[in-house]
K.L.:
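Before I ask anything, let me first share the structure, which is written out below as structure tokens.
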Amino acid sequence: MSAGLIVFLVITGFLVVGLIGYFITIYNGLVRLRRNLKRNWSNIDVLLKQRHDELPKLVSVCEGYMKYERETLEKITSLRSTYLGARTVGEKSRVEGELAGALKTLFAVVEKYPDLKADQRFAQLQERISFLENQIADRRELYNESVNIYNIRINQIPDKFVASSCNFTVEELLKVAEAERKDVKIQFNFPK
Amino acid sequence: MDNKKTVAIVFIVLMVATGIAEDIFQINRDVVWAIIMAAFGIYLFFQGFVSLNRKRLIQNIPTSKISALALGLVEVIGRALRITPKPLKSPYAKADCVFYHYKVEQFVRTQRNAYWQVISEGSSGLPFYVDDKTGKVLVDPNEAKINLETRYISSSPDKKQSIVNPLMVSTRNMKYSESYIMPNENVYVLGTAKKTRDYVTEHQEKIEKRISDWMKNPEKIKEFDATNTGWLDDVEYFNMRQKVVVTVNQEEQEEKQVQVKTDLSGLADVMIGKGEEEKILIISNKSEKEIISNLRGKTFLLIYGGAFLTLAMIIYLFTKQGGK
């Protein structure tokens, strides 16, 4: 065997091993990214579950004071049940958005009920829900950042070749629901 | 550190193998070395992929806010804060720091070559906080891959305060280097966020261990053996157990008072360290961009350098054989 042939075989060997190694690195990286997405969503889900556990207590406390806000309270209860039946991330995210909007409305109209505002149980629940809301917001941000990195990766060359051959598809970002974007309408009942 | 030890062992084995090949099989030393270097090139080539993997991992993990930190592999960036009331001092530079890593090397000259040999290496090992304005989390630097710039190099340390080797007399041909994280300095941490040990489990384990120790101690047996039978009956064993519980509780109360003094409040919840599943922990005072850039260069060098080294050695072997 000539020296030239050996050198050619060695170079070819390195190229083949290098390409396989590179493919494995990209594939493993994408698998890790996809797993991270699921984990980040699960981490949001844990907090949502904690918040949902507080909602019946909140509704129960508010019922006694807010006779004229039945619609809002019913909406919160109904959305909570809808969320428990939701399966996909998109569906859960949409319901969550509406629920967050309904809670925002509820906390805003509390101003009209000074007795409720002074209730210690309500204050504790409001504080707990607000704390969870902040954590959910931070984790949503992290989830969206993970989705963004993942989507960029699977659309970039050379990851794109591995992603398309191994069925890595684009994931959706969590969007802020319309209900959350709307301004809360507050009616003040000033004495005339 | 483990990698360095492995490389050192491999190097010694290769030296011995070279001698054997030269003496017994009458193979030319240069040929043996060319084969060894070719194999080393292949090793570097694969190490390049390890480095590539690490670079991609850092790129793929988004930075978490500490207030909403979830368990598992996380990346946090923030200011380093000490857990002790008094600042930690680095052993040689005597700088205020939250973490330090030192290395003592000696220049060794042999017949064939000369090199710096590491004779002592260590770090402060104390955990520190990372604060990103949303909250603070404890970081356990043990077993971390430290990526800090060397801030102190000297050939003559203050021997009186040296903690490395108090018996060291001569400082000729010695090199003392140190890297450290200063208080309030920005740090990058990639590691596994995990719950600190559950207090109840720890407490229970401590009691069981103490009972086991006392049961092996003849003096303790004698102390609780009211009937002088040489062994403990149920009532005597119960009395000893009660005494152990009281003793452990007292000790823990004292420990707690010390902990309050050193502000270990963060210990109760989450700590970032080396994980069981993800065995990676990087602590650096460089920015994420800098770390990625360094890894990119390292990856390039290892993959192409390794392949080139192997190829060059193979060409050398063939030219040498052809020349004979």
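Chain identifiers are assigned alphabetically (A, B, ...) following the order of the sequence lines, protein sequences preceding nucleic acid strands; residue numbering begins at 1 within each chain.
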K.L.:
Using a cut-off of under 4.5 Å on heavy-atom pairs, state which of Gly306(B), Ala70(B), Gly72(B) scores highest against chain A.
P.N.:
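Heavy-atom pair counts peak at Ala70(B).
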
K.L.:
Using a cut-off of under 4.5 Å on heavy-atom pairs, state which of Ile42(B), Ile315(B), Ile303(B), Leu73(B) scores highest against chain A.
P.N.:
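The candidate making the most pairs under 4.5 Å is Leu73(B).
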
K.L.:
When rounded to the nearest 0.5 angstrom, what is the spacing between CG in Leu52(B) and CD1 in Ile24(A)?
P.N.:
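Leu52(B) CG to Ile24(A) CD1: 12.0 Å, rounded to 0.5 Å.
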
K.L.:
Would Arg153(A) and Asn60(B) count as having a side-chain donor-acceptor pair, cut-off 3.5 Å?
P.N.:
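A donor-acceptor contact under 3.5 Å links the two side chains.
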
K.L.:
Using a 3.5 Å distance criterion without hydrogens, assess whether the side chain of Glu145(A) forms a donor-acceptor pair with backbone atoms of Thr63(B).
P.N.:
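Such a contact is absent between Glu145(A) side chain and Thr63(B) backbone.
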
K.L.:
With a 4.5 angstrom heavy-atom cut-off, could you sort out which part of Tyr22(A) is near chain B: side chain, backbone, both or neither?
P.N.:
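Interface part for Tyr22(A): both.
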
K.L.:
State the CG-CG distance between Asn28(A) and Asn53(B), to the nearest 0.5 angstrom.
P.N.:
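One gets 6.5 Å once the value is rounded to the nearest 0.5 Å.
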
K.L.:
Would you say the side-chain atoms of Arg56(B) pair up with the backbone N or O of Leu30(A), donor to acceptor, closer than 3.5 Å?
P.N.:
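Pair absent, no side-chain N/O of Arg56(B) close to backbone of Leu30(A).
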
K.L.:
Are Ser67(B) and Asp138(A) close enough, and set up right, to give a side chain to side chain contact (heavy atoms under 4.5 Å, CB included), and what steps lead you there?
P.N.:
CA-CA 8 Å; Ser67(B) 62; Asp138(A) 285 344; 3.0 Å; yes

K.L.:
Tell me whether the count of non-hydrogen atoms from other residues, nucleotides or ligands lying under 6.0 Å of NZ in Lys194(B) goes above 12.
P.N.:
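Result for NZ/Lys194(B): enclosed.
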
K.L.:
Which distance, rounded to the nearest 0.5 Å, do you find between the CZ of Phe14(A) and the CG of Leu311(B)?
P.N.:
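Answer rounded to 0.5 Å: 7.5 Å.
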
K.L.:
Does any backbone or side-chain atom of Asp159(A) lie under 4.5 Å from a heavy atom of chain B? Answer side chain, backbone, both or neither.
P.N.:
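Contact with chain B involves the side chain of Asp159(A) alone.
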
K.L.:
To the nearest 0.5 Å, what is the distance between CD1 (Ile314(B)) and CD1 (Ile11(A))?
P.N.:
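Output value for this atom pair is 9.5 Å.
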
K.L.:
Take atom NZ in Lys286(B); do more than 12 heavy atoms of anything else shown fall under 6.0 Å from it?
P.N.:
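Enclosed: over 12 neighbouring heavy atoms sit under 6.0 Å from NZ of Lys286(B).
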
K.L.:
Do any N or O atoms from the side chain of Arg139(A) and from the backbone of Ser64(B) form a donor-acceptor pair under 3.5 angstrom?
P.N.:
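Side chain of Arg139(A) to backbone of Ser64(B): no pair is present.
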
K.L.:
To the nearest 0.5 angstrom, please state how far the CZ atom of Phe49(B) sits from the CD1 atom of Ile20(A).
P.N.:
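Phe49(B) CZ to Ile20(A) CD1: 10.0 Å, rounded to 0.5 Å.
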
K.L.:
Does CD in Glu290(B) sit with more than 12 non-hydrogen atoms of other residues, nucleotides or ligands closer than 6.0 Å?
P.N.:
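Atom CD in Glu290(B) is packed in, count exceeds 12.
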
K.L.:
Please flag which part of Leu142(A) lies under 4.5 Å from any non-hydrogen atom of chain B: side chain, backbone, both or neither.
P.N.:
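Looking at Leu142(A), backbone and side chain both touch chain B.
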
